Amino acid sequence: MASKTLTEYERKRLENIKRNDEMIASLMLQHKAADLSSSIKRLKPQIRPLKRHSPEKNNKAPVVIRRSLRARGIPPDAAAKGSPPPPPSPAKSPSLTIRDASSNAPGKDRRLFETVARMCENAPLSPPKRMSSTDGPLDLRSLKLEPEHVARIISGRIMTVQFFPFVDRRVVAVGSKLGKVSFWDVDRGLDGGDDADDDGVYLYDPHTSPVSGISIQPFSLSKVLTSSYDGFIRSMDVEKETFNMSYSGDDAIYSLSQRPLETNVYFGEGQGGLKVWDERAGKVLSSYSLHEKRINTIDFSSCNANLMATSSTDGTACIWDLRKISNHRPASLRIHQHEKAVHSAYFSPSGSCLATTSIDNRIGILSGDNFMDVSMIRHDNQTGRWLSSFRVIWGWDDSYVFVGNMKRAVDVISTVKKTTKAMESPLMTAIPCRFAAHPYRHGTLASTTSGGQIYMWTSI
DNA sequence: TCTCAATTTATCCTC
DNA sequence: GAGGATCCAATTGAGA
């Protein structure tokens, strides 16, 4: 294929497909060997429905972390001598294998690797598309919550949730306040599973503080970036089976994002700082002071990747033009002022609107030329101390947004009519705070809670 | 003007 | 079922 005819996205995709083919071949060999030595029956996996844990059951919850002695900072001979193990080192090793960070039963990780490898093979040669007028509007009344789409997949408060950009599969990644990262392969059953206890949940422990961001680029599906208040950005590489440190700093990292088609990492650090990190070269490309207080979210416009939106606890949401630098920082195209901290600012699927969420009980919808048309919608955003703050996200077109509701529901707000409707379900027993919309499967919405639960709404 | 204590609020766990 | 513990948010307001 002549490279001249390929877009940058396609070229990166093809490079990855080639690498993934090699990985699949390797995995298949290992898988066959495992099959020979194991007589585990292939059973359809069961996703545990959400229910309150009894104390006894809770002790069995996937909180116990199994890591190597090295990863726990324990000298090899200490265990051999029978001396009591010292407490785990507060700082994790820069270099971790996935096995070191894994809390899963031996061999279980490999199923996740295989799924990722298979999905890489089927990855699309185009980025996710927003809904077109020919798709027709999505009937939000068709979104339902089924018992098999409810699960507790991590302990503690979920801080961030992302879908893998797989076309034909629903796999979510969540990060918790305790520094853990969990993956839920909802469609595990489609493989005809080989383990009765394989619930499709894979738990890892890469950070020592809250996980603030997860990023997965469509052209590099086997690499998952995670950021944390512990000052680390880690890169989970399924091909190399590592969870290595990509970046480390002294300040907490509160937000993480990547531009489309780019491997550089944008993250909010400390009190209002933003850095651009070249992951391949391992160096900081740019460092800016954009806000007076922490940056809660970073997002890029789909129609113009030079436009970046940030939200901050300093009470503002800003749109920056990365092509123009003035006063040693990107030129501010638009500053949207709230009365209190702003917890999110996300561009719409078309890139022509911006939705902001603030503690001041308002949701802002910015549109029009230079985002100068502003609609402020009242909404109860008082989540208090124990819940993750609400963050409005867009659906699959520009006509509505999703946000949590303190009465254990999902509010759907029409950006056109400015009306709010609540999606409720008796299965939803906790308040959904953080959301993710599946990039390819319109109508698949993940909502997560401060108790580690995930509710995946699907369009029927 | 600055510092710091009090307050809010949901969920899990133990009894 | 009641009540305690949680505690890396953010704000408010009293007091120095």
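Within every chain, numbering begins at 1; the chains are lettered A, B, ... in the order of the sequence lines, protein sequences first and strands thereafter. Just so you know, these numbers come straight off a predicted model, no measurement behind them.
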To the nearest Å, give me how far apart CZ (A:Phe390) and P (C:dA9) are. 17 Å
Out of B:dT11, C:dT11, B:dT9, minimum distance to the side chain of A:Met406 belongs to B:dT9
What is the distance, rounded to the nearest whole Å, between atom CG of A:Asn405 and atom C1' of B:dT9? 15 Å
Can you tell me which nucleotide in B:dA10, C:dA9, C:dT11 comes closest to the side chain of A:Lys340? C:dT11
Can you find a side chain N or O atom of A:His343 that sits less than 4.0 Å from OP1 or OP2 on C:dA9? no
Report the nucleotide, chosen from C:dA9, B:dT11, B:dC12, that has the shortest atom-to-atom distance to any side-chain atom of A:Tyr229. C:dA9
Under 3.5 Å: donor-acceptor pair, side chain of A:Tyr455, backbone of A:Thr429: yes
Can you measure A:Arg408 atom CZ to B:dC12 atom P for me and round it to whole angstrom units? 10 Å
When the P atoms of C:dG13 and B:dT9 are compared, how many Å lie between them, rounded to an integer? 15 Å
Whole angstrom value for the distance that separates P of C:dA9 from CG of A:Asn381: 17 Å
Please give, in whole Å, the distance from B:dC12 P to A:Ile158 CD1? 11 Å
Determine the contact category for A:Thr313: base if any of its heavy atoms lies under 4.0 Å from a base atom, sugar-phosphate if only primed atoms, P, OP1 or OP2 are that close, otherwise nothing. sugar-phosphate
pi-stack flag for A:Trp386 and C:dT6, centroid dist under 5.5 Å, interplanar under 30°: yes
A:Asn244 side, atom CG; A:Asp237 side, atom CG - distance, nearest 0.5 Å: 8.5 Å
From the candidates C:dC7, C:dT11, B:dT11, the one with an atom nearest any side-chain atom of A:Leu387 is B:dT11
Atom pair distance, as rounded to whole Å: CG in A:Asp314 and C1' in C:dA10: 14 Å
B:dC12, OP1 or OP2 - any side-chain N/O from A:Arg157 closer than 4.0 Å? no
Per the ring pair (Phe, Tyr, Trp, His ring centres under 6.0 Å) rule, what does the pair list look like for residues 407-434 of chain A, sequence neighbours excluded? none
Return the value, rounded to whole Å, for the distance between atom CD of A:Gln453 and atom C1' of B:dT11. 8 Å
side-chain contact (heavy atoms from CB on, under 4.5 Å) partner of A:Met159, chosen from A:Ser388, A:Ser389, A:Cys433: A:Ser388
Please report the distance, rounded to the nearest Å, between NZ in A:Lys177 and C1' in B:dA10. 13 Å
What interatomic distance, in whole Å, is found between C1' of C:dC8 and the corresponding atom of B:dC13? 22 Å
Check whether the ring centres of A:Phe267 and A:Tyr254 lie less than 6.0 Å apart, and answer yes or no. no
